[in-house]
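Structure record follows, encoded as structure tokens.
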Amino acid sequence: MADKPMIEMRGVGKWFGKFQVLKNVDISVAQGEKIVLCGPSGSGKSTLVRLVNGLEPYQAGKVTVDGIELKNDAKTIEAVRGEVGMVFQSFNLFPHLTALENLTLAPVWVRRMPKKEAEALALQLLERVRIAEQAHKYPAQLSGGQQQRVAIARALAMKPKIMLFDEPTSALDPEMIKEVLDVMVELAGEGMTMVVVTHEMGFARTVADRVVFMDQGEIVESAAPKTFFEAPRTDRARLFLSQILGH
Amino acid sequence: MRWLRDNLFSSWPNALATLAILWLAWRLLPPLVEWAFLHAVWSAPDSRPCHAAGAGACWALITERYRFILFGTYPYEQHWRPALGILVLLVLYVTSALRRFWRPALALAWVGGLALIGVLMWGGVFGLPYVENERWGGLMLTLLLATFGIAFAFPLSILLALGRRSQLPAVHAVSVLWIELVRGVPLISLLFMASVMVPLFLPAGVSIDKLLRALIAMIVFAAAYLAEVVRGGLQAIPHGQGEAADALGLPYWRKTLLVVLPQALRISIPPLVNTFIAFFKDTSLVVIIGLFDLLTSIKVTLEDPGWRGFGVEAYLFASLVYFVFCFAMSRYSQNLERELERGHVRTERGA
């Protein structure tokens with residue numbers, strides 16, 4: 001992890017109108033590092049991950065992804081999106097396409113990959129998320145857990161260097177959370193650089209290299225999971241942990 | 001018996017309504033059948049037999065003058081040309097309706113088919129005498145106006161709808177201006193402008209054919225209406241769809257064509273077809289600028305002293321022709337909806 005970081009943010013500020021959602025955010029993510037972002041709702045954690053692939057513009061500071069400085073223009077955003085995969089809370093699969101077509105769309109239309117090759121890659125990825133037998137079903141015919149696994153495979157089909165997860169299990173029924181987390185744990189084991197917004201503290205404990213705690217648009221704490229869970233330094237983190245682990 | 005009791009006589013008001021409808025049918029249907037079929041005059045060289053006492057519907061008007069109604073003032077001995085043209089259009093409609101023909105070759109078939117129709121209608125080549133388009137008319141003209149109108153207005157409306165949602169100020173402004181200005185005036189006034197005002201503003205020596213001017217006015221009009229229908233569809237697509245496409249790195253046009261429009265247009269089918277049907281019938285408004293469409297040829301037929309007074313028959317026939325086309329559109333759209341729905345509905349949740 002000695003070489004340059006995969007994601008680097010320096011003094012990043014972002015406003016929605018007059019409301020400042022991110023305040024002077026500094027964070028650096030090394031290659032292969034797994035970061036879990038947590039914090040109360042409205043703390044800016046989702047906004048922070050959406051900033052990494054240009055889904056949200058920012059107004060102050062500097063964001064660099066794999067050496068490319070994001071400048072809120074089409075060119076750098078496009079370059080960065082080629083490196084970064086994203087998984088959403090609400091899956092966002094394309095409902096008019098089958099699982100397989102969801103996976104082949106971007107490789108064929110962005111990377112100009114031949115269709116046969118894209119399909120082979122897609123099947124291999126669906127196999128990897130253990131859903132190959134559902135390849136020809138439409139999203140509406142799949143359960144939430146299955147849809148989210150297809151969504152992960154869809155992001156992987158673009159062979160990203162970084163994977164962003166924005167509350168990937170929050171919209172799932174409890175019995176389906178594990179099947180999605182298992183896939184994410186495997187992915188982590190393969191050395192993917194990951195930034196995960198989640199409240200799954202079990203996942204954070206086992207997978208994260210670092211837990212980053214945000215509140216009111218600021219990074220309040222950043223520590224190894226063991227340290228963070230056992231000895232949080234701030235009251236805000238302690239309060240958050242008591243709320244989330246208390247029930 | 002049981003069905004009768006459950007559905008027609010289940011309660012007192014229900015039974016009364018059933019009886020009332022039966023009585024009306026008994027009073028109205030027999031005379032209608034007598035008029036339309038039993039006592040109808042099916043063929044006659046002129047309207048004299050229709051004036052006889054007890055004569056029913058004068059269908060002879062249609063059988064005698066159907067060629068004029070269908071082809072207008074097109075030279076009589078050349079009527080096979082628009083007839084063949086209509087046939088070509090019908091073949092194009094049917095093949096376009098079948099999903100198994102939805103491939104790039106279909107676009108070629110349309111280009112070829114329309115070129116063939118152009119050659120047939122204008123002539124001037126292959127030994128076909130030239131026929132200027134002032135003489136085109138009847139059903140052929142109605143179909144041409146509707147086909148070209150929709151073929152150009154629909155893609156244009158998609159661009160307008162996208163433009164209205166665009167972040168680019170100029171594109172947005174032009175789209176809003178177009179839609180709001182055009183929707184704010186009646187089609188008739190647009191047609192008048194196209195037929196009367198446009199020639200005044202054109203530089204000397206330049207003239208655009210009246211048919212083309214009318215067609216452009218109709219396209220401009222239909223595009224504005226369709227644009228709002230398409231925009232409705234676009235607005236129903238969840239924000240996350242566009243974001244997911246963005247995150248995969250799909251540039252704007254590929255995102256729009258591959259992800260957003262297929263979904264937006266699918267849910268817009270019912271209102272789109274509604275607008276298409278309205279547009280098909282609106283083509284009859286060209287009567288006011290002197291174009292000779294199906295309805296105009298009916299009107300002219302009725303001005304013929306030999307056939308005066310049989311407007312009911314003539315307009316019933318025109319309605320039937322319009323109905324056949326509109327009903328076909330409506331049924332087809334329902335089928336298409338059902339077909340596209342397959343696999344999208346949450347029929348079963350995979351284990």
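Note on naming: letters A, B, ... go to the chains in the order of the sequence lines (proteins, then strands), and numbering restarts at 1 for each one.
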Next item on the list: Assess whether atom CZ of B/F152 is packed by more than 12 heavy atoms of other residues, nucleotides or ligands within 6.0 Å.
Entry: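 Atom CZ in B/F152 is not packed in, count stays at 12 or less.
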Check: Counting heavy atoms not belonging to B/R331, are there more than 12 under 6.0 Å from its CZ?
Finding: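 Check fails, neighbour count at 12 or below.
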Checklist line | chain B contact via A/R50 - side chain, backbone, both or neither, heavy atoms under 4.5 Å | finding: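 Side chain only.
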Next item on the list: With sequence neighbours left out, write down each residue that passes ring pair (Phe, Tyr, Trp, His ring centres under 6.0 Å) with B/Y322, or none if nothing qualifies.
Entry: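 With sequence neighbours excluded, B/Y322 shows a ring pair (Phe, Tyr, Trp, His ring centres under 6.0 Å) to B/F280, given in chain and number order.
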Working to the nearest 0.5 Å, report the span between [atom1] of [X] and [atom2] of [Y].
X: B/L250; Y: A/W109; atom1: CG; atom2: CH2; answer: 10.0 Å
X: B/L265; Y: A/H96; atom1: CG; atom2: NE2; answer: 10.5 Å
X: A/L105; Y: B/K255; atom1: CG; atom2: NZ; answer: 13.0 Å

Item checked: Side-chain donor or acceptor of A/N53 paired with backbone N/O of B/A247 under 3.5 Å ->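 Answer holds: no.
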Item checked: 4.5 Å side-chain heavy-atom contact, B/L248 and A/V110 ->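 Side-chain contact under 4.5 Å: no.
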Note to self: What residues of residues 56-90 of chain A make heavy-atom contacts with chain B at a cutoff under 4.5 angstrom?
What the structure shows: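 Within residues 56-90 of chain A, the residues under 4.5 Å from chain B are A/R81, A/V84, A/M86, A/F88.
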